[in-house]
2 protein chains.
Amino acid sequence: MMRLMARSSGAELALLLLGGFQSMVDDVVGELASRGHEGVRASHEFALRAIEEGADTATELGRRLSVSKQAAAKTIAALERLGYVERETDPSDARVKRLRVTARGHDMMTLGATLFTEVRDRWAAQIGAEQLDALEAHLAQLTKNRSAGTEGLARLGEDLGEAI
Amino acid sequence: MMRLMARSSGAELALLLLGGFQSMVDDVVGELASRGHEGVRASHEFALRAIEEGADTATELGRRLSVSKQAAAKTIAALERLGYVERETDPSDARVKRLRVTARGHDMMTLGATLFTEVRDRWAAQIGAEQLDALEAHLAQLTKNRSAGTEGLARLGEDLGEAI
DNA sequence: TATGGGTAGACAACCAGGTTGTCGACCCCG
DNA sequence: CGGGGTCGACAACCTGGTTGTCTACCCATA
C-alpha cells in the first residue's frame, strides 16, 4: 500500500479557497485591531452591515443571518459590549428592542470595507486586475446556485464543523 | 447618510471564496454521508490524512494541525468512535498511543478524495478546465506565503470566529 | 544507580457560538 | 375582551476549541 497518498486535486482546491478566505480575513481583522478595533471579528462586521441594512431587531437579524434569534441575540450582545450598536425599546411596539449602529459602528464598518478592498487591490496588483476579475467572476458563476451572500456566513459554524 | 451602503468589493471576494469552499465541502460531506459515512466532517478527512501521513500520535497530530494536543485528542476520540482509527500503546515507549488508520478509514479517505475531485471536475466542465486551472494557480500564488495546507484548517475555528 | 528534566497523554474547567425549548410580555384581530 | 402569533429573555445543552495540572514514562547525567 502506498503511503503518502497524494492529496486529491479537488481537496487541494477546497483548501486553496479556504486559505484565500482566511488570508483576507486575517489581514483585515489584524489591521482593524491595530487601528482601535480590538476584539472585533469579521462576523461582527457582517452582522453590523446586516443591521445597518435594515435587520434592526434580533429576530430579523437572525433571519438574515440564517441563525436562531437566540444566536443573533448573543451576537448583538457582543456588538453592544464593543460599542458598535445601541438598543432601545421601540416606542410603537414594546416587544421589540430596536437596534441602531453607533458612530463607532459606522467607523468600523467603513474601515473594514476599506481594508477588504485594499487586500483585493493588493491581490489585483499581484496577479493582474483582469485575472482577479476573472477569478471572481468564475467563482460567482460556480456558486451562484447557492446562497453565497452573508447568509452563508451563518452556516460557517456548521460547515466548519463539517469542513475543518 | 446613505443607507444600503454597497458591500465592499473586497468583502464580496472574501465571501465568494468562502462560498466556494462551503459549496465543495457540503457536497462532499453530503455524498459521503449517503455512502455509508454518516457523521463524518471534512475535518475528519483532513485529520485522517495527516495521521496516515505520519502524525500517528496525539501530540504530533496537534502539531500538524496547529492545534493543542488536547484538541487533537478530542478529534482522535471522534475518529476512533467512528471507526476510522485504532489506538494502541507503543511497545517501545509506554507513554505514546500509536494511531493506525483502519480499513474503513482508508475507504473514507479514498472516497473523500474521489468526491472532492469529482466536484472539481464538475467545476471544470462548468467554466472550462483552463479557467479553473488558472483560478487555482492564481489562488496558490496569492496565498503561497501563508501556510495554506492542512494546518490552515485548524485555525478555522478561530478564523471563523473572526470571519463569521 | 539515583535523580531530575522533558514529553505523552488524561482530566478538568472554561469559553465562544451555535442549538432547542419554554416563558412572560405584548400586539392585534375577530 | 379574549386568544393566537411574535418578540426577546433565559436555561440547558452541544461542539470544538483553549489553558492548566497531573501522572507515567523516557533518558541523560552526576
Side-chain angles (χ1 to χ4, degrees), chain A residues 22 29 38-47 51 55-82 85-99 151-164, chain B residues 22 25 29 39-47 51 55-82 85-99 151-164:
Chain A
Q22 281 185 155
V29 170
E38 298 88 6
V40 58
R41 328 215 135 191
S43 58
H44 294 156
E45 227 201 294
F46 292 111
I51 292 169
D56 64 351
T57 68
T59 298
E60 180 54 28
L61 183 61
R63 269 196 283 264
R64 298 272 187 115
L65 264 30
S66 309
V67 125
S68 65
K69 59 182 178 177
Q70 292 89 337
K74 289 190 186 183
T75 299
I76 291 167
L79 251 18
E80 192 176 14
R81 185 176 44 79
L82 292 167
V85 295
E86 287 171 346
R87 291 188 317 155
E88 59 192 34
T89 306
D90 186 328
S92 76
D93 185 342
R95 288 172 306 175
V96 347
K97 298 278 179 60
R98 217 96 233 170
L99 301 173
E151 321 81 41
L153 280 187
R155 306 188 32 259
L156 240 199
E158 172 192 332
D159 282 346
L160 253 187
E162 292 172 349
I164 300 231
Chain B
Q22 282 185 152
V25 165
V29 170
V40 58
R41 329 212 134 192
S43 58
H44 295 156
E45 225 200 297
F46 292 111
I51 292 168
D56 64 350
T57 68
T59 298
E60 180 55 26
L61 183 60
R63 269 197 282 264
R64 299 273 187 113
L65 264 31
S66 308
V67 125
S68 66
K69 60 183 177 176
Q70 292 87 338
K74 290 191 185 181
T75 299
I76 291 167
L79 251 18
E80 194 176 12
R81 185 176 44 80
L82 291 167
V85 297
E86 287 171 346
R87 293 187 317 156
E88 59 191 35
T89 307
D90 186 328
S92 76
D93 185 342
R95 289 172 305 175
V96 348
K97 298 277 180 60
R98 218 96 234 173
L99 302 172
E151 321 82 41
L153 280 187
R155 306 188 33 260
L156 237 199
E158 174 191 332
D159 283 344
L160 253 188
E162 291 171 351
I164 300 234

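In what follows, chains are A, B, ... by sequence order, proteins preceding strands, each numbered from 1. Worth saying up front: this structure is predicted, and the values here are computed from it rather than measured.
With rounding to whole Å, B/R41 atom CZ is found 14 Å from C/dG18 atom P. Here C/dT7 presents its P atom at 16 Å from CZ of B/R98, a figure rounded to the nearest Å. Regarding A/I76, its CD1 atom lies at a distance of 15 Å from the C1' atom of C/dG18, rounded to whole Å. Taking atom NE2 on B/H44 and atom C1' on D/dG17, their separation rounds to 13 Å, with Å as the unit. The distance from atom NZ of A/K97 to atom P of C/dC27 is 13 Å, rounded to the nearest whole Å. In this structure, A/L61 atom CG and D/dT6 atom C1' are separated by 17 Å, rounded to whole Å. Rounded to an integer number of Å, the gap from B/E80 CD to C/dG9 P is 13 Å.
Across A/A58 and A/A72, no two heavy atoms sit closer than the pair O-CB, 3.5 Å. Residues A/V40 and A/V29 approach most closely at O-CG1, 3.6 Å, considering heavy atoms. Contact between A/D90 and A/S92 at its shortest, heavy atoms only, is OD1-N, 2.7 Å. Minimum interatomic distance between B/H44 and B/A78 (heavy atoms only, all atoms of both residues): NE2-CB, 4.0 Å. Minimum interatomic distance between A/A55 and A/E60 (heavy atoms only, all atoms of both residues): CA-CG, 3.6 Å. The minimum heavy-atom distance linking A/L61 with A/A47 is given by the pair CD1-O, 3.9 Å.
With the nearest nucleotide of DNA chain C identified for both B/E60 and A/A78, B/E60 has the one nearer the 5' end.
Nucleic acid contact class of B/R87 (heavy atoms, under 4.0 Å, all strands): sugar-phosphate only.
Not one side-chain nitrogen or oxygen of A/T57 sits closer than 4.0 Å to the OP1 or OP2 atom of D/dC7.
For the pair A/L99/A/E86, no side-chain contact is recorded, criterion being any heavy-atom separation below 4.5 Å from C-beta on.
Listed nucleotides D/dA12, D/dG8, D/dG17 differ in distance to A/K74; the shortest reach to its side chain belongs to D/dA12.
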*Could you write nucleotides 19-27 of chain D as a row of B, S and -, 5' to 3', where a protein heavy atom under 4.0 Å of any base atom gives B, of only sugar-phosphate atoms gives S, and otherwise -?*
BB----BS-
